[in-house]
Structures are given as C-alpha cells and as structure tokens.
Amino acid sequence: MSSPDAVPEVSRSAIAARDAAWNFWWLVIDGFVFSFGITFISPSSILPVFVARLTPLDILAGAVPAIDFVGLALPQLIGARWAARAARAGGRKRFVLIVATLGRIPMLAPIAATAIWGDREPGIVLASLLIGLGLFRVSEGLVLPAYFDIVGAVVDPRRRARYFALQQASGAIGGVVSAFGARWLLAALPFPWGFVACFALGTFFVTFVLVVFAQVREPPPDDVAWAEVAVAQSIDDQAHEAVGDALARPTWWRDVLALVTDDDGFRLLFAGRALAAVASMAPAYYAVAAVRRLEATDADGATFGAVMLGSALFGTLVWGEVAGRFRHPVLIPLGTALGAAAAVGASIAPDVTWLLGVFAAAGLGSSALGMADTALPLALAERAQRSRALYVAVYATLTVPFAVLSPLAGGILSGAYGYEAVNGVAVVAYCAAGVVGLRLMRLFPVQAR
C-alpha cells in the first residue's frame, strides 16, 4: 500500500489545479453571501440611522463604526497565533468555522431587545446592539488571519487581482440587492419591526455564509503556496516559511517588531491606512447628518447603502482592471481623492438627493481603498517571503487606535463645531493618505508587458 506522500508530483499538480478553480469560485460566492447579509445590518448606513432614532447623542452613532472596526482588528494578533496552531495540524478551515459560528450567537440579543422594547428602553436596546455587534466582529477578527492565509494559499498570485475584483464585485451585487430589500422592509413596516426584520435576515445570511466557506478545499499545512511561481521567479524555496511556522516560533513577538522596523513598504502602508482611518470619521456621520439636518427617513438610510454598494460594484470591476495593469498601490491615491470629494460634497449638500452623489463617491473610494487594503499586506508578505497571516494581523492591529478614536472624535467635533468641521479634517487626512500612496507606488513598479 502506498503512502499519501508517494503521490506522484504530476498528480499533485493536477489536484492542485482542480482545487484552485473550485476554491476560486466558492470564495467569490462567499463574498456575495456575506455582503448580502451584512448589508441588512450595515454599520455605515442602517445602524447609524437606527441609533439616531434612539438617541440624540452623535457620539453613540459614531461608536457603531468604531466598535465594528476595533472588534474586527484588535483580536487579529491573538487569532493569528491560534490560527498558527490550527494551520500546523491542517485545521485552518475548521478553526474559522468553529469560532465564526460561536460569534454569530450574540447577534440574537439586539434582535430580541429591539422586538421587545423598541424605543421604550433605548438604553437596553443600544447596549444589546453594541455588545452583540462587538462580539460578532471580535469573532470575525479572530478568524481573519486564518481566512486570508487560506486565500493566499489557494488563489494564484497571477489571478489575485481578478479574484479580489470578482469577490468584491459579487459582494457589491449582493449588498445592492439586500439594500433594496432593507429599504422595502424599513418603509413597509413600522418602527421597530423594520429593523427587527433587517437584523434577523442579516444574522441568518452571515451565518449561512459559513456553509459556503465550508466548501473550500484547504491545502496541506506544509505546502509552499504556488511553488511553481516561486521557482519561475528564482526564489529560494528554503527561504520560504511553511504555513504557521513564523507564528509558532518563540521569537514571534520579536518578529512582529522586526516587521515594523525593517519593512519600509509595511510602514508606508500602515501610515496610509492610519490616515485613511482618521478620514473615516466623516463617512460615519453622512447618514447621521442626513437625519439631523435634512430629515432623512429610515428608508433613505437603506437607499444610501444601496447607492454606496452600487458604486462600489462598479468600482471593483474598474479597480480590478486598474490594479492588474498598474499594481494595487495606485488604488490608494485614487480612493483617497474620491473620499475627499465625498466629504466636500457632504458639507455642501442642500438636500437628500444631493447626498446620493456623496454616497456614490464614497462607495467608489471605499472600494478602491478596500481592494488595496486587502491585497497589499499579502503582496508585502510575499515580497519579504514571510508569513501572510503575520502581516495581515499586525497590519490590522496597529490601525486599531486610529479607527477607534476617529469616529468618536468625529462625534465630539460635530457636537462642538458641526459636521463641516468633521468633513474638513477628513479632507486633509485623505489628501495626506494619497501622498503616502504615491510613495508606496514606487515599491511596486509596473512590469513591462
């Protein structure tokens, strides 16, 4: 009887090629289903409108995107180490499925609280929402390094720009469809039942997406991802870190410090991401300002989400081609320019209709920055021949203070000086991030075709 290790290399290559196509499309579907579900509980449009209905305090509306981001980013260093142990046993996918499933359970709390108390006990409803959302995003943060390590292992770098474009485009399609569904629910059902329905549907679909992700075929833990690409580029296989090795070493914390101090590209990317996080104080208040100043309705909040996702859909199709031709760093100055334009437009908006253009520009900008944000840590890790999960986790964790303080500072600033001051700070931060993106482009020169 032959052992598994005795499988001929030709057969292993054929299996890997077959699994690559299978995994590519299941991961694209994964993006569609998750976006379809999360849009029903969108932290950028529906949840701020919901919070604005419960309380006049802008700082609480700003706490929603802050909790959303910190819950996603802060646990990633811990999650990366847990994922390393799972990876060494070939269990990254199992780790993702178990932790993510447990994280969906707390989202039942805001559904029940909103149905029982509505706006009669806003304190209880808000607490259940912030805690449920926070725990859900913490679980997402714990599994994200393992998730992207799997993506990096199963998606050929030569197809990665197309993958991210299709994955985000399919997600935008799902988001647009669910945004119109949310608008219908919020317009047709009295408060709070429209929000109850949205929260329930969103929780169902972000749970169902785990069934989709379970179809991905995880590669063996000791596989060098895309070895044929490495050989073609004359990369020494001995220098390539096996899956999970970098995260399991006793010197792991020193590796984190070395990553920050030695990699110029990583520092530039982090600086640009930190500035973009500061600028994010403005989009967090576009919907809130619409409710406060322009008397936007609950259904308008869902419309804003639909427009933002529709423009993101268009953007991802365009940005995928742009990134494939000019490399991903070019998306940073493009995205920040659109973000700055949206902030200026929000300051001068005379009515709700005008804000549709603001959310369209914001969607185009966020899709460009999101694609760069997802692809560049993987590219930098492979450029340095180091752990992808390590780069993803460190990158996300270091931006936490900026992402947490930015929307909260925006709430204080808007209360003292108005929404125009928030938008003004965002414009400056977007411009600075764009300059950083131009410098980062020099590290990834366009290759001759």
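If you read the sequence from its start, that first residue is 1, and numbering goes on from there.
- In terms of the ring pair (Phe, Tyr, Trp, His ring centres under 6.0 Å) criterion, residue partners of F266 (sequence neighbours excluded) are, by chain and number, Y391.
- Listed by first then second residue, pairs satisfying salt bridge (charged side-chain N to carboxylate O under 4.0 Å, His left out) with a partner in residues 363-376 read R273-D373, not counting sequence neighbours.
- Under the side chain to side chain donor-acceptor pair (under 3.5 Å) criterion, the residue pairs touching residues 98-109 are R104-E140, with sequence neighbours excluded.
- Closest non-hydrogen pair, I150 versus R92, comes out as CD1-CB, 3.7 Å.
- Partners of I131 by side-chain contact (heavy atoms from CB on, under 4.5 Å), not counting sequence neighbours, listed by chain and number: L135.
- Evaluation of the side-chain contact (heavy atoms from CB on, under 4.5 Å) rule for A274 yields F270, F402 as partners, not counting sequence neighbours.
- Residues satisfying the side-chain hydrogen bond (donor to acceptor under 3.5 Å, both in side chains) criterion with T303, sequence neighbours excluded, are R183.
- Within the structure, the salt bridge (charged side-chain N to carboxylate O under 4.0 Å, His left out) test picks out no pair touching residues 165-180 (sequence neighbours left out).
- Evaluation of the ring pair (Phe, Tyr, Trp, His ring centres under 6.0 Å) rule for F24 yields Y163 as partners, not counting sequence neighbours.
- Note on residues 25-37: pairs passing side chain to side chain donor-acceptor pair (under 3.5 Å), not counting sequence neighbours, are D30-Y147.
- Among residues two or more places apart in sequence or in another chain, the ring pair (Phe, Tyr, Trp, His ring centres under 6.0 Å) test is passed with Y430 by none.
- When all heavy atoms of L364 and S311 are compared, the closest pair comes out as CD2-O, 3.2 Å.
- Closest heavy-atom contact between M441 and P333: SD-CG, 4.1 Å.
- The side-chain contact (heavy atoms from CB on, under 4.5 Å) test applied to L130 returns V64, I67, not counting sequence neighbours.
- Across all non-hydrogen atoms, the minimal contact from S366 to M308 is OG-CE, 4.1 Å.
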- Query: Is there a side chain to side chain contact (heavy atoms under 4.5 Å, CB included) between I38 and F136 once you walk through the steps?
  - Reply: CA-CA 11 Å; I38 199 66; F136 163 56; 3.8 Å; yes
Practice problem: May I have the step-by-step check of side chain to side chain contact (heavy atoms under 4.5 Å, CB included) for L54 and F191, ending in yes or no? | Solution: CA-CA 11 Å; L54 296 175; F191 185 88; 4.0 Å; yes
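- Within the model, atoms SG of C198 and CD1 of I111 stand 11.0 Å from one another, a figure rounded to the nearest 0.5 Å.
- For F40, the ring pair (Phe, Tyr, Trp, His ring centres under 6.0 Å) partners are F36, not counting sequence neighbours.
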